[in-house]
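Remarks on the structure that follows.
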Amino acid sequence: MAGMLPSPKAAVLEVQETALLAFRAFRRAFRKPFYVRDILTQMDHVGVGSLTIIMLTGFFTGAVLTLQSASEMSRFGAVGLTGTLVAVSLVRELGPVLGALMVAGRVGSGMASELGSMIVTEQVNAMRALGTDPIKKLVVPRLLATVSMQPLLTVVACSMGIHRGLADAVGILRTSPDLYLNSAWNGLDYYDIAGGLLVKPVFFGAVVAVVSCRCGMRTEGGTRGVGRSTTQAVVVSSLLILVSDYFLTQLILEYSP
Amino acid sequence: MSRAEGDGSRVRVAQAPLIELRNVTKYYGDVRVLDGVSFALHEGQTKIVLGGSGSGKSTMLKLMMGLETPDSGQVLIEGVDLGRAGERQLMRLRPRIGMVFQESALFDSLSVFENVAFRLSEVGTDEDTITDRVREVLGFVGLEDAIDKMPAELSGGMKRRVALARALVSRPAVMLYDEPTAGLDPITSRRINELIIRLRDVRGVSGVFVTHRLRDAFTLASEIAVESGGRVRFIREDGTFCLPHTRFVMLRDGRTIFEGPDEILRRSDDAYIRQFIA
């Protein structure tokens with residue numbers, strides 16, 4: 001396990017184990033007992049805890065998008081379309097993807113290191129010895145929390161970005177706020193919203209939770225192992241977010257008129 | 001069902017052993033950790049598993065607890081084969097066994113109370129019963145005052161006692177101890193050993209005690225706890241006879257090389273054993 005690249009056999013095995021964990025977690029999510037308190041704690045941690053960085057992400061993404069697009073648009077005399085461009089880019093791609101990447105960095109790393117520490121200190125074994133299923137108690141609440149919070153965080157990020165764009169459009173580009181907001185609103189259709197604010201965030205949220213929990217649960221080799229798992233969780237879930245975004249976008253475009 | 005409060009000074013041999021390993025082999029990767037080990041623990045017995053590091057002692061305990069599965073052979077709890085048992089059977093059997101882990105393995109995000117109450121709250125026991133039971137077992141290990149502390153605030157010995165209390169809360173018939181005194185000073189170790197002897201002799205809890213510290217092993221094999229008038233006294237036998245319910249098992253490279261009472265172990269002329277107990 002020296003390098004980051006595992007052997008092909010180990011990689012296939014790992015994909016299988018991760019898929020198996022996802023399957024088990026989804027199945028157990030609908031079975032008693034429901035750890036409501038653990039789910040709420042995780043939702044608070046994932047949702048409320050990530051609010052600041054998500055707002056900042058949306059804020060500056062919106063700002064820079066407006067600046068860049070306005071300077072291009074003004075060359076064609078189409079400053080009025082700035083709103084559309086900012087809204088469509090944010091809702092379709094930047095909001096869900098950047099939001100998920102930030103959550104992977106903040107929440108995914110936390111999950112991997114927490115579960116990893118519990119593994120190396122035998123707390124997970126102790127839990128099993130006490131008759132509790134660690135997937136149910138540890139993985140399911142984290143999965144449900146990210147899957148439910150990620151769409152909300154994405155909405156916050158996009159809304160921050162669009163409104164930040166409004167400030168620049170009015171302040172620097174001298175367009176009217178109505179023009180900007182109308183063009184933003186008209187630019188979006190139902191499929192943009194369903195795809196960008198629901199399908200993608202739910203999927204990315206599941207990716208972050210499953211990958212990070214798997215990385216944490218397979219930790220071995222003490223404190224160093226925990227560090228390695230944390231890094232892997234962030235790297236793998238970030239990559240998977242980018243790769244799956246490509247395929248999800250294809251799928252969404254296929255279904256949109 | 002529960003005989004935790006029963007008279008444990010008599011040796012009662014049940015029909016099926018509480019725990020049985022039948023010809024168990026276990027690999028970690030390419031390393032064979034256990035090589036055809038058979039083992040049985042009957043009700044009322046305590047077995048002390050000795051062996052150097054890497055001899056497969058801890059793996060044996062994990063197999064008994066169902067935390068690992070054997071590559072070949074069988075693990076039976078009260079006659080039920082764990083490999084064939086359904087989830088429901090496992091749920092019934094698990095509370096019968098308590099385990100104390102090497103480094104205590106307390107849940108560090110939960111308080112002492114929540115740690116000890118864990119198993120009871122998982123099965124939905126009502127609050128009052130939980131509080132009573134937690135106070136009772138914490139009282140037994142002498143840590144009632146620490147009930148609201150977090151594990152990080154406890155010393156190593158206290159953590160070990162909380163771990164003992166956590167395992168005892170479901171009134172198990174068998175306790176598995178994985179090096180319960182590792183890393184503790186002699187006085188604290190003594191205290192843990194006294195608790196284990198009391199559990200064995202006063203409460204009749206059977207046990208598997210894994211260690212590489214001979215001093216602890218011989219303490220366990222030579223002292224008995226007697227309760228009279230609410231006080232517990234420890235009586236030391238002087239090595240002339242052996243406690244009938246305490247047996248040694250010695251592991252070497254995943255194989256059992258000795259099984260019997262301490263007197264025979266001390267007199268063994270096997271070179272490895274001589275070296276180990278010297």
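Worth saying up front: this structure is predicted, and the values here are computed from it rather than measured. Note that these values count all heavy atoms, side chains included, but never hydrogens, waters or copies made by symmetry. Chain naming here is simple, since letters A, B, ... match the order of the sequence lines and numbering starts at 1 in each.
- Note: A/Ala126 leads A/Ala126, A/Gly131, A/Pro33 in heavy-atom pairs under 4.5 Å with chain B.
- The backbone N or O of A/Leu130 lies less than 3.5 Å from no partner atom in the side chain of B/Arg166, so there is not a single donor-acceptor pair.
- At most 12 non-hydrogen atoms from other residues, nucleotides or ligands lie less than 6.0 angstrom from CG of B/Asp148.
- Here CD of B/Gln102 is found 7.0 Å from CD of A/Glu122. Values are rounded to the nearest 0.5 Å.
- Of the inter-residue distances, the one linking A/Met127 atom CE with B/Glu122 atom CD reads 7.5 Å to the nearest 0.5 angstrom.
- Within a 6.0 Å radius of CE in A/Met55, no more than 12 heavy atoms belonging to other residues, nucleotides or ligands are found.
- Judged purely by atom type and a 3.5 angstrom limit, A/Gln123 uses its side chain to pair as donor or acceptor with the backbone of B/Asp108.
- Crowding of A/Phe23 atom CZ: a count of heavy atoms from other residues, nucleotides or ligands under 6.0 Å not exceeding 12.
- Atom CD in B/Glu68 sits 7.0 Å away from atom CG in A/Asn125 (nearest 0.5 Å).
- Here the closest heavy-atom approach between residue B/Leu67 and residue A/Ala129 is recorded as CD2-N, 3.9 Å.
- In this structure, A/Arg106 places its CZ atom where more than 12 heavy-atom neighbours from other residues, nucleotides or ligands lie under 6.0 Å away.
- The environment of A/Phe203 atom CZ is sparse: at most 12 non-hydrogen atoms of other residues, nucleotides or ligands sit within 6.0 angstrom.
- Heavy atoms of B/Leu106 lying under 4.5 Å from chain A belong exclusively to its backbone.
- Note: B/Ser109 OG to A/Met118 CE = 6.0 Å, rounded to the nearest 0.5 Å.
- Distance check, rounded to the nearest 0.5 Å: NZ of A/Lys137 to CZ of B/Phe118 gives 4.5 Å.
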